[in-house]
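Labels below follow one simple rule: chain letters A, B, ... track the order of the sequence lines, proteins then strands, and each chain is numbered from 1. Treat the numbers as computed from the prediction; the structure is a model and nothing was measured.
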Number of protein chains: 2
Amino acid sequence: MQRKTSQRNAILDALRGAGRPMSAEDLTGLARTSVASLNRATVYRNLRLLIGAGRVRRLTHPELGPLYELADLDHHHHFHCRLCDRVFEIPGCALDVRIATPPGFRTDDHEVFLYGNCADCRG
Amino acid sequence: MQRKTSQRNAILDALRGAGRPMSAEDLTGLARTSVASLNRATVYRNLRLLIGAGRVRRLTHPELGPLYELADLDHHHHFHCRLCDRVFEIPGCALDVRIATPPGFRTDDHEVFLYGNCADCRG
DNA sequence: CTCCTAATGCAAATGCAGTCGCATTTGCAT
DNA sequence: ATGCAAATGCGACTGCATTTGCATTAGGAG
């Protein structure tokens, strides 16, 4: 990642603009509004680079598969609206890890996925 | 699912005996201790049948991919030991869904994945 | 402005979970 | 004991996310 390219900017801008995790495909579509020629392979190559550089994080959503989000976010949960299929970043942590951890185990990390309807879709 | 076959029994017994969610591949390996000829396609066909009958549940683990578990379990979390790579069913729920849900949203369901080391591996 | 090489676009290729067609086996009702 | 449809085993095949080979384009140091 030594040169700055319009496609890499477009990918990062798309991620920042959306403010929510997206699939590689959605991300490609969104970034194409900036760079129309943007190719899938380029997106994947840049995602790999950006993940390596600690700027992007890849997660696997149990219902939606692989999603990409900016890495400079504090710990948060993910809410999947089953109507509009968007995933929202929910700041904060409502899990009591001490209670969640069985005796003798040590929990280093965790993920929480919420499912339901977002405010827009309930309107 | 009208006839009882040794392979279907082997699959269910493997799931019961292990007491934890497993990949189709691990499940096949385990069930083969009962029915050596057991084929992958048969495992998948039976899993589909059993899921349709509400006896088995399929889940996608963010780090381990698709796993299968018995469906007659109460709500629980999943603990992934990163040393032995086993997934444990953790009974109970240490998530406060009211706190976890943003204003205006409605949460119908959720999943919690814990990561760390199990009691055996910490020994 | 030039040149070197990183980065891109394209299309073909991977790897993996799961599925399908078909010949053969096997529950189980009669 | 018989027969038929369900179930199995096998190997080839899908679909999807991602990767790779290669020719071309384009940052940016000099």
Close N/O contacts between protein and nucleotides 28-30 of chain C (under 3.5 Å):
residue : atom : partner : partner atom : Å
dC28(C) : OP1  : Lys4(B) : N            : 2.9

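- Put simply, the side chain of Leu47(B) does not reach to within 4.5 Å of the side chain of Arg58(B), judged on heavy atoms.
- One interatomic measurement links the two molecules: CZ of Arg8(B) to P of dG27(C), which rounds to 11 Å at whole-angstrom precision.
- Nearest heavy atoms, Ala119(B) versus Pro103(A): CB-O, 4.5 Å.
- For the pair Thr101(A) and Val97(A), the minimum side-chain heavy-atom distance is below 4.5 Å.
- Using a 4.0 Å cut-off between charged side-chain N and carboxylate O, Asp108(B) and Arg82(A) make no salt bridge.
- The side chain of Thr42(B) places no N or O atom within less than 4.0 Å of a non-bridging phosphate oxygen (OP1 or OP2) of dA7(D).
- Side chains of Thr107(A) and Phe79(B) form a contact here, defined as non-hydrogen atoms less than 4.5 Å apart.
- The nearest whole Å value for the distance from the CD atom in Gln7(B) to the C1' atom in dT24(C) is 13 Å.
- One finds no salt bridge joining Glu89(B) and Arg20(B) here, because no Lys/Arg side-chain nitrogen approaches an Asp/Glu carboxylate oxygen to under 4.0 Å.
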Do nucleotides 10-16 of chain D as a string where each nucleotide becomes B, S or -: B if the base has a protein heavy atom under 4.0 Å, S if just the sugar-phosphate does, - if no protein is that close. BBB----
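- Remark: Ser23(A) engages Glu25(A), Asp26(A), Leu67(A) in a side chain to side chain contact (heavy atoms under 4.5 Å, CB included) (not counting sequence neighbours).
- Screening residues 32-43 of chain A for side chain to side chain donor-acceptor pair (under 3.5 Å), with sequence neighbours left out, gives no hits.
- In this structure, Phe88(B) has its ring center closer than 6.0 angstrom to the ring center of Phe105(A).
- Contacts of residues 16-36 of chain B with DNA chain C (heavy atom under 4.0 Å): Ala24(B).
- One can place CG of Leu47(A) at 15 Å from P of dT20(D), the figure rounded to the nearest angstrom.
- For DNA chain C, runs of at least 3 consecutive pairs of the Watson-Crick or G-U wobble type, with both hydrogen-bonding distances under 3.5 angstrom, map to C:1-30 with D:1-30.
- Formation of a donor-acceptor pair under 3.5 Å by the His110(B) side chain with backbone atoms of Leu95(B) is not found in this model.
- Taking 4.5 Å as the limit, every side-chain heavy atom of Ile90(B) sits out of range of all side-chain heavy atoms of Val112(B).
- No side-chain heavy atom of Val56(B) sits under 4.5 Å from any side-chain heavy atom of Asn46(B).
- Ring pair Phe113(B)/His61(B): centre-to-centre distance below 6.0 Å.
- Looking at which nucleotide of DNA chain C each of Val43(A) and Leu64(B) is closest to, the 5′-most match is held by Val43(A).
- Atoms CG (Leu59(B)) and C1' (dG18(C)) sit 16 Å apart, rounded to a whole Å.
- Rounded to an integer number of Å, the gap from CG of Asn46(B) to P of dG27(C) is 13 Å.
- Comparing dA17(C), dT18(D), dG9(C) against the side chain of Tyr44(A) picks out dT18(D) as the nearest.
- Between Asn9(A) atom CG and dA7(C) atom P the separation is 13 Å, expressed in whole Å.
- Taking the ring centroids of His78(B) and His80(B), they lie at or beyond the 6.0 Å cut-off.
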